[in-house]
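Order of the sequence lines fixes the chain letters, A, B, ..., with proteins taken first and strands second; residue numbering starts at 1 for each chain.
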Protein chains: 2
Amino acid sequence: MFTIGRLARRTGAKVQTIRYYEEIGLLSKPPRSEGNQRLYGEQEVDRLAFIRHARELGFSLAAVRDLLSLSDSPGQSCEAADVIARCQLEAVEARIARLQSLKRELERMIEQCQGGKIADCRVIEVLSDHNQCLTENHTDAAVHS
Amino acid sequence: MFTIGRLARRTGAKVQTIRYYEEIGLLSKPPRSEGNQRLYGEQEVDRLAFIRHARELGFSLAAVRDLLSLSDSPGQSCEAADVIARCQLEAVEARIARLQSLKRELERMIEQCQGGKIADCRVIEVLSDHNQCLTENHTDAAVHS
DNA sequence: CTAACATCTATAGTTGCTGTAGATGCAAGC
DNA sequence: GCTTGCATCTACAGCAACTATAGATGTTAG
């Protein structure tokens with residue numbers, strides 16, 4: 001059995017993050033030492049590392065919670081886990097596509113910025129130009145959520 | 001002169017977001033009507049659309065603030081704007097690279113999940129397997145910020 | 001004139017943590 | 001046995017960048 005600091009060092013999570021996960025119920029309340037310090041075992045290392053890895057893959061804490069509850073019932077179909085992973089994949093693909101169009105736009109901006117004065121700066125201008133495009137598209141008539 | 005709702009509709013921003021931008025000083029306090037309602041003109045449409053477009057391009061509000069102050073002094077060199085844009089481009093490229101490796105990992109996970117039981121589920125397993133990789137890399141000796 | 005909607009202020013909530021303060025616990029050195 | 005210094009404890013505040021709510025007013029169409 002070891003303390004929270006050791007658990008943190010072994011998983012790469014911060015101490016406060018571990019206490020936060022306990023608070024929101026992702027980790028169960030561990031036994032305490034005589035001096036009221038949390039005591040953890042190997043099981044907690046695994047569970048926390050699982051959480052951290054899923055987080056690094058971009059899963060939300062809600063998704064992590066679902067995945068954990070799935071892995072706690074190993075006899076059932078893993079269809080639900082598959083659905084979560086596919087959802088995540090779709091979200092990642094959408095983010096990539098979006099970022100790539102941003103990248104192209106930024107590259108165009110930078111390319112056209114030749115160290116001149118701000119009055120002629122493409123970076124500022126592109127942002128302003130798209131204002132035009134925005135104001136054209138977002139008229140009073142258009143409905144936006 | 002028009003009210004906040006019209007400004008919101010014309011720029012695609014939410015009413016609360018506009019008030020929030022005013023609160024944090026991105027938009028200046030507009031004149032009010034007799035009934036204490038905010039009144040805006042075309043200038044505010046431009047400025048807000050500029051902000052929204054920059055935000056959509058992934059610039060932080062701090063970066064937007066810098067870009068706005070730059071565009072307020074059009075006689076100066078646009079080097080600073082270029083630096084901000086280049087920074088943003090780098091960040092976008094890093095995010096794309098990261099997301100693409102996540103995508104590959106997720107695809108591997110899903111591919112190997114054949115609708116079996118959770119005990120054999122690759123989605124869960126991959127997350128757990130990487131736990132191993134995590135616990136190997138993050139030993140007590142390793143220092144993590 | 002009234003109903004329905006817009007706007008007002010102020011405040012709390014969201015996600016996923018991170019940082020702080022001030023009080024204890026604990027292990028090592030003298 | 002005592003001090004020093006770090007680790008841990010609780011509780012709460014703060015971050016980004018909004019979003020949502022409550023309850024009070026303003027405004028406008030029929």
Side-chain angles (χ1 to χ4, degrees), chain A residues 1-27 29-40 44 47-68 87-88 91 95 98 140 143-145, chain B residues 1-27 29-40 44 48 50-68 87-88 91 95 98 140 143-145:
Chain A
M1 301 287 265
F2 37 82
T3 62
I4 198 168
R6 197 165 284 264
L7 178 60
R9 263 171 267 127
R10 286 191 55 185
T11 56
K14 301 212 170 166
V15 167
Q16 294 106 305
T17 306
I18 297 170
R19 289 199 280 246
Y20 170 70
Y21 286 164
E22 180 186 326
E23 196 183 308
I24 62 168
L26 273 189
L27 296 174
K29 301 195 174 189
R32 301 289 184 115
S33 72
E34 287 210 353
N36 197 35
Q37 301 194 342
R38 289 168 179 83
L39 292 176
Y40 297 97
E44 274 72 33
R47 193 174 174 95
L48 180 52
F50 181 103
I51 296 170
R52 292 310 301 167
H53 187 228
R55 290 288 303 133
E56 275 160 31
L57 281 171
F59 290 86
S60 70
L61 283 182
V64 173
R65 200 185 294 273
D66 289 347
L67 287 169
L68 279 169
C87 254
Q88 190 55 30
R95 268 145 80 195
R98 188 159 159 56
D140 275 7
V143 177
H144 294 279
S145 59
Chain B
M1 302 289 264
F2 37 81
T3 62
I4 197 168
R6 196 165 284 265
L7 177 60
R9 263 171 269 128
R10 286 192 53 185
T11 57
K14 301 210 170 167
V15 166
Q16 295 105 306
T17 305
I18 297 171
R19 289 198 282 245
Y20 170 70
Y21 287 164
E22 180 186 327
E23 196 183 308
I24 64 169
L26 273 189
L27 297 175
K29 300 194 175 191
R32 302 288 184 118
S33 71
E34 288 210 351
N36 197 35
Q37 302 195 341
R38 290 166 179 84
L39 291 178
Y40 298 96
E44 273 71 34
L48 180 52
F50 182 103
I51 296 170
R52 291 312 300 167
H53 187 226
R55 291 287 303 130
E56 274 160 32
L57 281 170
F59 291 87
S60 69
L61 284 183
V64 172
R65 201 185 295 271
D66 290 347
L67 287 169
L68 279 169
C87 254
Q88 190 55 31
R95 269 146 79 196
R98 187 159 161 58
D140 275 7
V143 176
H144 294 280
S145 59

Please state whether the phosphate of D:dA7, meaning OP1 or OP2, lies under 4.0 angstrom from any side-chain nitrogen or oxygen of A:R9. no
Closest-nucleotide 5' rank along DNA chain D - winner of A:R38 and B:T17: A:R38
Do you know which of B:L26, B:T17, B:L67 makes side-chain contact (heavy atoms from CB on, under 4.5 Å) with B:I51? B:L26
If the cut-off is 4.0 Å, is B:R65 near the phosphate of D:dA17, judged by side-chain N/O to OP1 or OP2? no
Distance check, rounded to the nearest 0.5 Å: B:L27 atom CG versus B:E44 atom CD? 7.5 Å
Side-chain N or O of B:R19 less than 4.0 angstrom from OP1 or OP2 on C:dC8? yes
Starting at the 5' end of DNA chain D and moving along, which residue's nearest nucleotide shows up first, B:A62 or B:E34? B:A62
Residue A:Y20, side-chain atoms from C-beta onward, closest of D:dT19, D:dC9, C:dG16: C:dG16
Quick one: which of C:dC26, D:dA17, C:dC8 gets closest to the side chain of A:S33? C:dC26
Between P on C:dC17 and CD on A:E22, what's the gap in Å once rounded to a whole number? 16 Å
Nucleotide C:dC17, atom C1' - distance to CD1 of A:I24 in whole Å: 9 Å
Please state how far atom CG in B:L7 lies from atom P in C:dC8, giving the value in whole angstrom units. 11 Å
Taking only side-chain nitrogens and oxygens of B:K14, does any of them come within less than 4.0 Å of OP1 or OP2 of D:dA20? yes
Between A:Y21 and A:N36, which is nearer to the 5' end of DNA chain C once each is assigned its nearest nucleotide? A:Y21
Hey, is the main chain of A:A49 close enough, under 3.5 Å, to the side chain of A:R10 for a donor-acceptor pair? no
Please report, rounded to the nearest Å, how far the P atom of C:dA6 is from the CG atom of B:L39. 17 Å
Rounded to the Å, how far apart are B:I51 CD1 and D:dC18 C1'? 14 Å
Quick check: do B:Y40 and B:L48 have side-chain heavy atoms less than 4.5 Å from each other? no
Rounded to whole Å, how long is the line connecting atom CD of A:Q16 with atom C1' of D:dC9? 12 Å
Rounded to the nearest Å, what distance is computed from the CG atom of residue A:L61 to the P atom of nucleotide C:dT14? 13 Å
Picking from D:dT27, C:dG16, D:dT10, which would you name as closest to the side chain of B:Q37? D:dT27
For C:dA6, does either OP1 or OP2 sit under 4.0 Å from a side-chain N or O belonging to B:T3? no
Please report, rounded to the nearest Å, how far the P atom of D:dA16 is from the CZ atom of B:R55. 11 Å
Using side chain to side chain donor-acceptor pair (under 3.5 Å) as the criterion, point out the one residue from A:R52, A:R47, A:Q16 that pairs with A:Y21. A:R52
